[in-house]
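Working notes for the structure below.
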Amino acid sequence: MKFASSYEPGDFEADIYAAWENSGVFRPAPYVEGEKAYSIVMPPPNANGNLHIGHGLTMAIEDSLVRYHRLRGESTWYFPGADHAGFETWVVYERNLEVTGHTRFEYSRDDLYAKVWNFVQEQRGNMEKQVRALGTSCSWDDMTFTLDEQVVRRVYKTFEQMWQDGMIYRGEKLVNYCPKHQTAFADIEVEHEDEKGKLWDIAYPFADGTGEVVVSTTRPETLFGDTAVAVNPSDSRYDGMIGAMLRLPLTDREIPLVADEHADPEYGTGAVKITPAHDYDDFEVGIRHDLPRIRVIDDSGLMTGCGEEYDGMTTAECRKLVLRNLKEMGLLRGEREIVHAVAHCYKCGTVIEPTLKEQWFVDVKRLADAAIREINADKIKFFPASKKKVLVNYLKGLKDWNISRQIPWGIAIPMFKLAEPGATLPDGTPAPDWVFDERTQLTEIERGGARYVRDEDTFDTWFSSSHWPIVCTDWEAQNTGAHDLNPYYPLNVMETGADILFAWVARMIMMGVYVTGEVPFREVYLHGLVLDEHGQKMSKSKGNVINPIELVSKYGSDAFRLGILRGRSAGMNQAFSEQSVVSGRNLCNKLWNVSRFIQQLVDENENGDETVHTFNAGEDWICREIDEARKLLEKQMKEYRFSEAVETLYGLLWDEYADWFVESQKIYKNVPLLKRTLEAVLVLMHPFAPFVTEAIWQNLSWTEGMIITASWPERLKYDPISAEEFEKIMEVVTEVRSTLTAIPGGKKWPMLYGDDSLVDDNQVLIQYLTRVPLVTSCEDQPRGIRVALANREVYLDVPEDVVAKYASALEERILAVGRELDGLNARMMNPRYVDKAPAALVEETRRAIEEKTALIERLKLERQAI
RNA sequence: GGUUCCAUAGCUCAGUUGGCUAGAGCGCACGAUUCACAUUCGUGAGGUCGCAGGUUCGAGCCCUGCUGGAACCACCA
């Protein structure tokens with residue numbers, strides 16, 4: 001006997017995964033022109049990291065989809081990946097470096113790159129192992145690392161195209177700058193948090209001594225960078241003063257009072273100091289009024305150019321000193337508590353210093369407009385649908401994208417700067433300041449006789465990862481000529497977390513449309529966050545992090561997948577607990593034991609004793625149920641309704657297959673059908689529980705090949721009338737069971753029946769399922785308690801004294817049926833219902849009324865008898 | 001300030017063209033058990049579907065308003 005009495009996932013999973021992987025089934029079946037292909041990419045987990053619960057959900061969803069489509073015979077391609085995770089990895093590495101007493105500034109970029117490369121290689125491997133442990137059936141041969149040569153090549157090509165299209169520019173703009181990591185960020189990488197702060201009022205006297213303007217600010221230390229004070233043009237308090245010069249306290253500079261809409265008369269004093277080099281709004285004001293930009297905070301976050309007294313201080317130290325000095329001078333006029341949003345580095349929490357820097361920007365307008373056009377033309381279907389609006393709304397307001405980072409770990413920006421400004425080419429024309437060149441391994445190149453030096457920045461990781469569908473499907477190589485040569489691009493679906501809709505999904509769409517002219521995927525499924533069992537966000541500091549791999553080793557991969565998908569719907573943040581995994585484990589064990597039992601029956605009947613009989617033991621009924629479940633699953637998979645799909649499978653296996661059909665088959669065995677139906681159930685469950693279904697498939701004596709490449713069940717044939725009949729038997733059984741429990745004493749009583757061929761034909765089955773001691777005809781002499789079945793005469797042979805004890809249960813039953821009947825009657829009495837509702841519905845109501853009326857009459861008779 | 005989502009049983013959640021008595025798992029109560037499975041089986045209790053209106057023969061579902069929560073975006077000095 002190959003089947004142990006319970007399913008032990010640890011005994012099978014590793015071997016099964018290896019068998020799948022070695023047999024090559026993870027690779028797509030050769031694509032046949034005109035047939036269906038199915039492609040999906042894995043959002044690449046950090047190459048040197050470990051999987052967290054979100055990855056667990058991603059893999060569960062994606063692999064279920066992939067296995068489902070593979071079973072349906074589609075050429076299915078699931079592309080795995082590993083992310084160099086530019087900034088994330090760099091932060092980890094830099095911390096390690098600091099522990100050894102070194103800093104990044106001791107090394108060249110190329111050295112650092114090599115060091116991090118080695119670091120990642122040493123750390124690498126866990127992630128891939130964990131992806132395998134989750135059962136992910138991706139095509140490992142096509143594993144792509146985000147720093148692989150073909151990725152870099154593709155990114156450079158796009159960048160060059162954008163450069164030529166005039167969409168890339170280098171600009172001195174305010175960028176989000178983290179003084180700790182000393183790099184700039186895109187807007188999306190900055191986290192805003194409401195914080196308590198103070199708003200100070202500071203007097204700026206007029207240069208001519210005729211008075212003063214009091215400004216309100218949260219950042220007094222940036223005063224040294226002020227180049228104007230602005231008031232609202234409509235603010236009558238400042239009539240006639242616009243254009244006057246003010247003396248900037250603590251300095252010997254004079255700055256103008258300007259009128260600008262930016263100043264809100266309602267806020268503070270209505271006057272705002274303008275520091276174009278350190279504030280986004282002020283930068284804009286500065287452009288409007290042609291103001292100079294003075295940097296007073298350097299790249300390390302220290303004060304600079306403010307005079308000896310202040311230079312070299314941190315911003316906090318400087319703020320204190322400035323306030324003290326202003327107070328002594330009598331210029332500090334007020335101070336109040338406020339709450340305002342402060343930007344933080346998403347990695348270290350350091351306050352982001354908006355800083356004036358030269359950076360590479362992508363002019364996103366053209367990209368965003370094209371993306372919006374495709375999205376609005378419904379070229380991409382969103383799950384949940386509401387994300388479409390959210391995304392369009394985001395794209396509409398998108399500002400130019402800063403793509404350069406001052407960290408060494410990443411793809412080098414392929415731009416070189418003219419070494420000697422103003423140099424001319426041999427033909428006398430001025431040499432361009434910047435040239436594109438892919439030879440980023442060189443620090444210096446020569447172009448047209450001029451010398452150029454490499455830009456030391458690297459790309460924002462989202463710039464390269466926005467190419468992911470293009471790179472994974474090798475779009476370029478496949479599409480040199482005609483456009484639709486590659487059946488795997490666009491991807492069928494992009495599955496990822498709703499939290500990176502903007503950072504990643506939006507950019508993939510923009511880039512896909514720009515590079516290929518086509519959206520990169522036809523559907524987007526976004527999952528929500530996995531929260532802890534109390535609905536709290538998981539975090540290390542809260543200590544409520546659940547490790548998916550631990551759950552896998554404790555309960556099995558399938559249990560984890562079933563558990564995490566249970567109750568999961570698109571876009572929703574949802575609580576998750578170990579309990580749901582336990583429930584998944586139980587399901588696997590149930591499936592295992594059903595299979596074990598059926599194998600036993602097969603073994604016992606292997607000598608051809610597979611009699612086909614005339615009794616109805618649910619054969620047609622189970623075929624119908626399996627068929628219905630199959631159709632339902634197909635619909636649910638198409639609509640990404642995982643919660644319901646898992647429900648469907650639970651119901652099919654547990655309630656229908658095991659509790660009714662297999663139970664019934666203990667009386668009348670139809671071995672060929674047991675085999676066929678078990679196969680169908682296994683295949684239907686395979687996408688969600690790949691290991692246990694494969695383990696069973698391998699253990700069963702009659703199955704061939706591997707279930708992973710089996711075929712999705714065909715339509716099962718059944719006689720609908722016979723299926724209905726079994727349902728009637730189920731009704732009898734359920735009602736008898738229920739009545740038995742309602743009778744005080746907890747005893748099983750014999751069952752009697754009147755003139756009833758259905759019961760007559762299925763006596764043995766009914767007796768087995770109800771566990772009554774006897775089922776026999778009452779031969780026109782009914783006695784005992786009549787079971788509440790409308791069109792059937794079924795009795796429990798209970799002595800008079802026990803019948804009397806049943807009275808209260810009967811009374812309750814009469815009331816319940818009465819309430820139902822009242823509801824139905826009320827509906828029927830409404831002439832507009834009869835008039836307007838669909839005829840079939842009205843007819844159904846009519847029939848229900850008839851049935852309930854008959855039932856209640858009989859129950860009342862019964863009551864009288866007692 | 002803007003956008004979006006959520007509110008259904010004690011808990012976690014399903015519920016998509018509006019249709020019969022609103023479902024599941026867990027938990028709870030009562031009962032069962034000589035072999036496929038205690039990781040089991042049977043029976044049951046528990047919900048005016050956040051509140052107030054509206055549309056409709058009919059609303060958990062559609063519309064309006066309100067209350068309470070969450071997420072994201074945003075330059076508030």
Side-chain angles (χ1 to χ4, degrees), chain A residues 3 5-7 174 187-188 192 199 215-219 230 262-264 267-269 271-275 279-284 338 340-341 343 354 384-387 389-390 393-394 397 498-499 501-502 528-529 531 533-535 537 555 559 563 566-569 571-577 579-580 582-583 585-601 639 641 643-644 646-647 650-651 658-659 662-663 666 734 737-742 746 748 769-771 816-817 819-820 823-824 827 830-838 840-842 844-845 848 852:
Chain A
F3 280 102
S5 66
S6 66
Y7 173 60
L174 276 184
D187 295 340
I188 200 141
H192 291 270
L199 186 69
V215 304
S216 295
T217 181
T218 53
R219 303 203 57 190
H262 163 61
D264 175 1
Y267 193 91
T269 59
V272 56
K273 64 195 221 37
I274 301 299
T275 323
D279 183 281
Y280 284 95
D281 288 329
D282 295 0
F283 183 79
E284 298 298 326
I338 55 155
H340 61 150
S386 60
K387 294 294 180 190
K389 252 201 254 173
V390 177
N393 188 48
Y394 169 76
D499 52 334
L501 174 64
F502 298 153
L529 293 177
L531 308 172
E533 57 184 322
H534 306 295
K537 227 170 166 168
Y555 299 106
R566 183 137 216 196
R568 188 79 43 189
S569 60
M572 294 285 296
N573 295 348
Q574 201 210 329
F576 170 68
S577 69
Q579 184 51 55
S580 63
V582 170
S583 155
R585 188 266 320 254
N586 295 355
L587 184 79
C588 294
N589 190 56
K590 187 75 187 176
L591 185 59
W592 176 263
N593 270 290
V594 163
S595 307
R596 177 159 82 116
F597 180 61
I598 290 175
Q599 181 64 59
Q600 267 176 32
L601 295 181
E639 308 270 312
R641 297 156 81 141
S643 168
E644 288 168 69
V646 171
E647 268 337 299
Y650 266 75
D659 290 349
V662 176
E663 282 304 305
K666 288 178 180 171
T734 307
R737 281 171 176 168
S738 164
T739 309
L740 282 170
T741 26
K748 303 280 188 216
L769 293 175
T770 56
R771 303 288 200 274
V817 178
R819 278 194 299 272
E820 287 168 29
L824 292 168
R827 190 176 311 149
N830 183 346
R832 282 171 303 185
Y833 172 69
V834 182
D835 195 36
K836 290 195 175 177
L841 199 63
V842 176
E844 228 175 281
T845 313
K852 298 286 175 198

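The shown structure was predicted, so the numbers you read here are calculated from the model rather than taken from an experiment. Proteins come first, then strands; the chains are lettered A, B, ... in the order of their sequence lines, and each starts at number 1.
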| query | Just to confirm, is there a sub-4.0 Å distance from OP1 or OP2 of rU4(B) to any side-chain nitrogen or oxygen of Lys389(A)? | reply |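 Lys389(A) to rU4(B) OP1/OP2: side-chain N or O found under 4.0 Å.
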| query | Taking only N and O in the side chain of Arg827(A), is any of them less than 4.0 Å away from OP1 or OP2 of rU21(B)? | reply |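 Yes, such a contact exists.
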| message | Would you say that Leu501(A) contacts Tyr394(A) through its side chain, given a criterion of any heavy-atom pair below 4.5 Å between the two side chains? | response |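 A side-chain contact under 4.5 Å is absent here.
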| task | Let me know which of Asn593(A), Asn589(A), Leu591(A) forms a side-chain contact (heavy atoms from CB on, under 4.5 Å) with Tyr7(A). | result |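 The passing option is Asn589(A).
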When all nucleic acid strands are considered with a 4.0 Å heavy-atom cut-off, which category describes [X]: base, sugar-phosphate, or nothing?
X         : value
Ala230(A) : nothing
Asp499(A) : nothing
Val594(A) : base
Pro384(A) : nothing
Thr218(A) : sugar-phosphate
Phe502(A) : sugar-phosphate
Asn830(A) : sugar-phosphate
Lys748(A) : nothing

| said: In this structure, how many angstroms lie between the C1' atom of rA32(B) and the CG atom of Asp659(A), rounded? | reply: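 Computing the Asp659(A):CG to rA32(B):C1' distance gives 14 Å.
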| message | Is it the case that the base of rU21(B) and the side chain of Lys852(A) share a donor-acceptor contact (distance under 3.5 Å, atom types as modelled)? | response |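 Side chain to base: pair present.
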| Per-nucleotide protein contact string for nucleotides 10-18 of chain B (B base, S sugar-phosphate only, - none; heavy atom under 4.0 Å) | --SSSSB--
| request: Of all the heavy-atom pairs spanning Ser643(A) and Gly567(A), show the shortest one and how long it is. | output: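 Looking at all heavy atoms of both residues, the shortest contact is OG-CA, 3.2 Å.
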